[in-house]
Amino acid sequence: MDDTSAKKQEDFIRDIVRQEIETNRFGGKVNTRFPPEPNGLLHIGHAKAIWISFALAEEYGGYHNLRFDDTNPLTEKQEFVDAIIKDIRWLGWDLKERIFFASDYFEQMYEYAVQLIKKGKAYVDDSTAEEISKNRGNFTTPGKLSPYRERSVEENLDLFKRMRDGEFPDGSRVLRAKIDMAASNMNMRDPLMYRIQRATHLHVGDKWCIYPMYDWAHGLEDSIEGVTYSLCSLEFKDHRPLYDWFLDALGIFHPQQIEFGRYSLTYTVVSKRVLGPLVDAGVVNGWDDPRMPTLSGLRRRGYTPEALKLYCESSGVSEANTIIDINFLEHCLREDLNKRAPRVMVVLRPLKLVIDNYPEDQVEEFNAVNNPEDPAAGTRKVPFSKVLYIEQEDFQEVPPPKYYRLAPGREVRLRYAYFITCTGVKKNEKGEITEVHCTYDPATKGGDAPDGRKVQSTMHWVSAKHAVEADARLYDHLFTKENPMDVEEGGDYKDYLNPHSLEVIKSCKVEPSLAKAQPGGLYQFERLGYFCVDPDSSANKLVFNRTISLRDTWAKIQKQQK
RNA sequence: UGGCGAGUGGUGUAGUGGUAGCACAGAGGACUUUGAAUCCUUUAGCCCAGGUUCGAAUCCCGGCUCGCCAGCCA
């Protein structure tokens, strides 16, 4: 990733790393990893977790591995491997060749397990799953020792080999570490290391019928890869003693696990358990629906990797689980989009505007600035004629207080074109306004009055006969409640789904320069917001997603007036 | 009612024994050919109670609140 914007990062993890560099614990090396299980798509929370690990290694010149923690073949799929790699690359991380699979270490893990058995620190248990669960005890009661706990090393070795060789049915035996059935930390009550599970593995096929458990496998994977700092979320804090125990028992390279808080966003939920049903029920249009917090959803929505990076690095790292105000994410988005998005004029809800004193067949072209934040973006020509479209919201027959836009008798500026003065309206039989009529002042060509008079408002417009039609999809938060998971008695999170999270507007009028817009293209529709071209667009129909609106002071005033 | 962790403005974070700072959000204003952007001003905070100290957000002690943990999931 480019780090032109990188500022000095300070957090408790970097404090630890800095201290350990001074004490030379790892010879100055800072290597990290991001270890997803390929059983789902990455979301905004993962983007932050990836940033925490990868940016740290990058700062210290270490490597950052992507390692698929593929120890449970029942839930894992190749499509997720592919999607995860795509998402991480999209975020801007250079993975180089450093993409690994836990399953590549299965043989080595097996050898390590044999070592533990030989040291008398692991045993094969023939108990059923229920027995093991029951004998584990609970928070206040110690567990009971398994009747198989004192088997001889020879018997354990033999049984474990035969587990691997497929002599026993699924679930009939497990390999467990011999630690302490009375430990207050449940993870230390003789945790399982291997289970028998016949399933075709996405990466190693049918080679194995025993699969390692997370706690056993994870430290080994880190150790084998030379990861120095194994960063994970808070819920693994209780697992660290076990992580350490395995590595110490084996006497192999021992990385440092450090846990950080999970990050959530207001008006959002990232859990598969919640999002899955919404996808299945068609509440959203798939995992990459622009309302989804998945990286594929954010990408389709128009989020940029740079905006996400800004969000990750400026939202802090701590040991508390937090819910970050989604306003902050959106602020980061606007920050980036403002700098990069070309400006363009689009009328979402058209209202016909006729300039009565403008010559019938005349067409003029005005120069429009592509991006005031970036002079290098240049200018473009925008055609102007007698009949235009303006935004319905930009005209009020009876203007409310503080309304600056067009109203009968009022003069406003049409951006880059002329000052116009409203002379009247035409209505249909239902009394709805169908046309607004006005006159223009030829002396204000380009948008400046030679006599220095001012107008209160500048409005966007599109020439009717040059307009291209497009659909616009306007998005809002998926949920109406800050924390949708904080449900009231008898309710559930579905009660907080936002019924207005998607609004589709047909037949918007866009300026002709947009005719050649390509999927993924990002624009600022002046005065409206940032939009991107959706992949649903075709040669004869443009579809735009509203990525995020512009900050809207007028909307705020209107709210106050209510 | 066991273990582990966390509590600083509304939100997120800095501060590690010496004037509680930053960002977002909120409020007000300047500027403006986007009611955008930009700029300025401003509201608002150390979970509670003891103790140590000249001095405590920081150290000690007790309490409270929140989160996580009893998968052959990760």
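Residue numbers start from 1 in every chain, and the chains themselves are labelled A, B, ... in the order their sequence lines are given, proteins ahead of strands.
- The residue A:Asn187 sits apart from the nucleic acid: no heavy atom pair falls under 4.0 Å.
- Note on A:Thr71: a side-chain N or O is less than 4.0 Å away from OP1 or OP2 of B:A74.
- Of the N and O atoms on the side chains of A:Arg262 and A:Asn321, not one donor lies less than 3.5 Å from an acceptor on the other residue.
- Here B:C4 sits opposite B:G67 as a Watson-Crick or G-U wobble pair (both hydrogen-bonding atom distances under 3.5 Å).
- Interatomic distance, OG1 of A:Thr458 versus CZ of A:Arg413, reported as 3.5 Å (0.5 Å rounding).
- Under the Watson-Crick or G-U wobble criterion, with both distances below 3.5 Å, B:C72 has no partner in any strand shown.
- Comparing B:G5, B:C72, B:U34 by their nearest atom to the side chain of A:Ala129 picks out B:C72.
- Remark: A:Glu306 engages A:Arg340 in a salt bridge, criterion side-chain N to carboxylate O under 4.0 Å.
- Using a 4.0 Å heavy-atom distance criterion, A:Asn138 is classed as a base contact.
- Distance check on atom C1': B:C59 versus B:U43 gives 33 Å, rounded to whole Å.
- Base orientation of B:G26: anti, the glycosidic angle falling outside 90° of 0.
- Considering only side-chain N and O atoms, A:Lys556 lies under 4.0 angstrom from the phosphate OP1 or OP2 of B:A27.
- With P as the reference atom, B:C4 and B:U41 are 48 Å apart, rounded to whole Å.
- Looking at A:Glu167 and A:Arg173, no side-chain N of the basic residue comes within less than 4.0 Å of a carboxylate O on the acidic one, giving no salt bridge.
- Distance from the side chain of A:Tyr403 is smallest for B:G35 among the nucleotides B:A70, B:G35, B:G71.
- In this structure, A:Phe106 has its ring center closer than 6.0 angstrom to the ring center of A:His201.
- The CD-C1' distance, from A:Gln560 to B:G35, rounds to 13 Å in whole Å.
- At least one donor-acceptor pair closer than 3.5 Å links the side chain of A:Asp190 to the backbone N or O of A:Ile179.
- Partner assigned to B:U34 is none, using Watson-Crick or G-U wobble distances below 3.5 angstrom.
- In this structure, A:Arg527 atom CZ and B:U32 atom C1' are separated by 13 Å, rounded to whole Å.
- For A:Asn371 and B:U34, the CG to C1' distance is 12 Å, given to the nearest whole Å.
- If you take CG of A:Asp336 and P of B:A37, they are 15 Å apart, rounded to a whole angstrom.
- In the model, A:Tyr418 has a side-chain atom that pairs as donor or acceptor with a side-chain atom of A:Glu364 under 3.5 Å.
- At distances below 3.5 Å, not a single donor-acceptor pair connects side-chain atoms of A:Arg189 with backbone N or O atoms of A:Lys144.
- Distance noted for atom C1' between B:A14 and B:C24: 15 Å (whole Å).
- Look at A:Arg136 and you'll find a side-chain N or O under 4.0 angstrom from OP1 or OP2 of B:G71.
- Nucleotide B:C22: paired with B:G12 (Watson-Crick or G-U wobble, both distances less than 3.5 Å).
- Note on A:Ser127: a base of the nucleic acid sits closer than 4.0 angstrom, heavy atoms only.
- For the OP1/OP2 pair of B:G35 and a distance below 4.0 Å, the side-chain nitrogens and oxygens of A:Gln558 include no atom meeting the criterion.
- Pairing partner, B:G55: none, since no Watson-Crick or wobble contact has both distances short of 3.5 Å.
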Protein-nucleotides 7-14 of chain B N/O pairs under 3.5 Å:
| from | atom 1 | to | atom 2 | distance (Å) |
| --- | --- | --- | --- | --- |
| B:U11 | O3' | A:Ile323 | O | 3.2 |
| B:U11 | O2' | A:Ile323 | O | 3.3 |
| B:U11 | O2' | A:Asp325 | N | 3.2 |
| B:G12 | OP1 | A:Ile323 | N | 3.4 |
| B:G12 | O2' | A:Ser315 | O | 2.6 |
| B:U13 | OP1 | A:Ser318 | OG | 2.6 |

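- For A:Arg33 and A:Ser53, the side-chain atoms include no donor-acceptor pair closer than 3.5 Å.
- For A:Arg551, the side-chain atoms get nearest to B:A25 when compared with the rest of B:A25, B:A74, B:G5.
- Judged by ring centres under 5.5 Å apart and planes tilted less than 30 degrees, A:Tyr214 fails to stack against the six-membered base ring of B:A74.
- As judged by a 4.0 angstrom heavy-atom cut-off over every strand, A:Glu76 is placed among residues making no nucleic acid contact.
- Atom pair A:Arg33:CZ and B:A74:P shows a separation of 15 Å (rounding to whole Å applied).
- Here A:Phe139 lies parallel enough and close enough to stack on the base of B:C69, with planes under 30° and ring centres under 5.5 Å apart.
- Where A:Asp170 and A:Lys454 meet RNA chain B, the nucleotide closest to each residue was compared, and A:Lys454 sits on the side nearer the 5' end.
- Note on A:Arg173: every side-chain N or O is 4.0 Å or more away from OP1 and OP2 of B:C72.
- Look at B:A27: its Watson-Crick or wobble partner, with both distances under 3.5 angstrom, is B:U41.
- For A:Phe328, the side-chain atoms get nearest to B:A23 when compared with the rest of B:A23, B:A74, B:A37.
- If you take CZ of A:Arg195 and P of B:C72, they are 9 Å apart, rounded to a whole angstrom.
- The gap from the P atom of B:G55 to that of B:G18 amounts to 14 Å, rounded to the nearest Å.
- For A:Glu259 and A:Gln257, the side-chain atoms include at least one donor-acceptor pair closer than 3.5 Å.
- Between the CG atom in A:Leu528 and the CG atom in A:Leu550 there is a gap of 8.0 Å [rounded to 0.5 Å].
- Heavy atoms of A:His239 sit under 4.0 angstrom from at least one base atom.
- For the pair A:Asp238 CG and B:A74 P, the interatomic distance rounds to 17 Å; values are reported in whole Å.
- Between B:A30 and B:A23, the two C1' atoms lie 22 Å apart (nearest whole Å).
- The residue A:Thr75 sits apart from the nucleic acid: no heavy atom pair falls under 4.0 Å.
- Within 4.0 Å (heavy atoms only), A:Gln524 reaches at least one base atom of the nucleic acid.
- Residue-level contact check: A:Arg334 touches neither bases nor backbone, having no heavy atom under 4.0 Å from any strand.
- Taking the C1' atoms as reference points, B:A44 lies 15 Å from B:C22, given to the whole Å.
- Residue-level contact check: A:Met213 touches the backbone only, with heavy atoms under 4.0 Å from sugar-phosphate atoms and none from bases.
- A:Lys237 NZ: more than 12 foreign heavy atoms inside a 6.0 Å radius.
- Within the nucleic acid shown, A:Pro241 has no heavy atom closer than 4.0 Å to any nucleic acid atom.
- The A:Ser184 side chain lies nearest to B:G3 when the options are B:G3, B:A37, B:G35.
- For the C1' atoms, the distance from B:C69 to B:G12 is 27 Å, rounded to whole Å.
- For A:Arg189 and B:G71, the shortest distance from a side-chain N or O to OP1 or OP2 is not below 4.0 Å.
- B:A27 and B:G9: their C1' atoms are spaced 15 Å apart (whole Å).
- At whole-Å resolution of the value, OH in A:Tyr194 and P in B:A74 are 12 Å apart.
- Here A:Ser172 lies out of heavy-atom contact (under 4.0 Å) with every strand.
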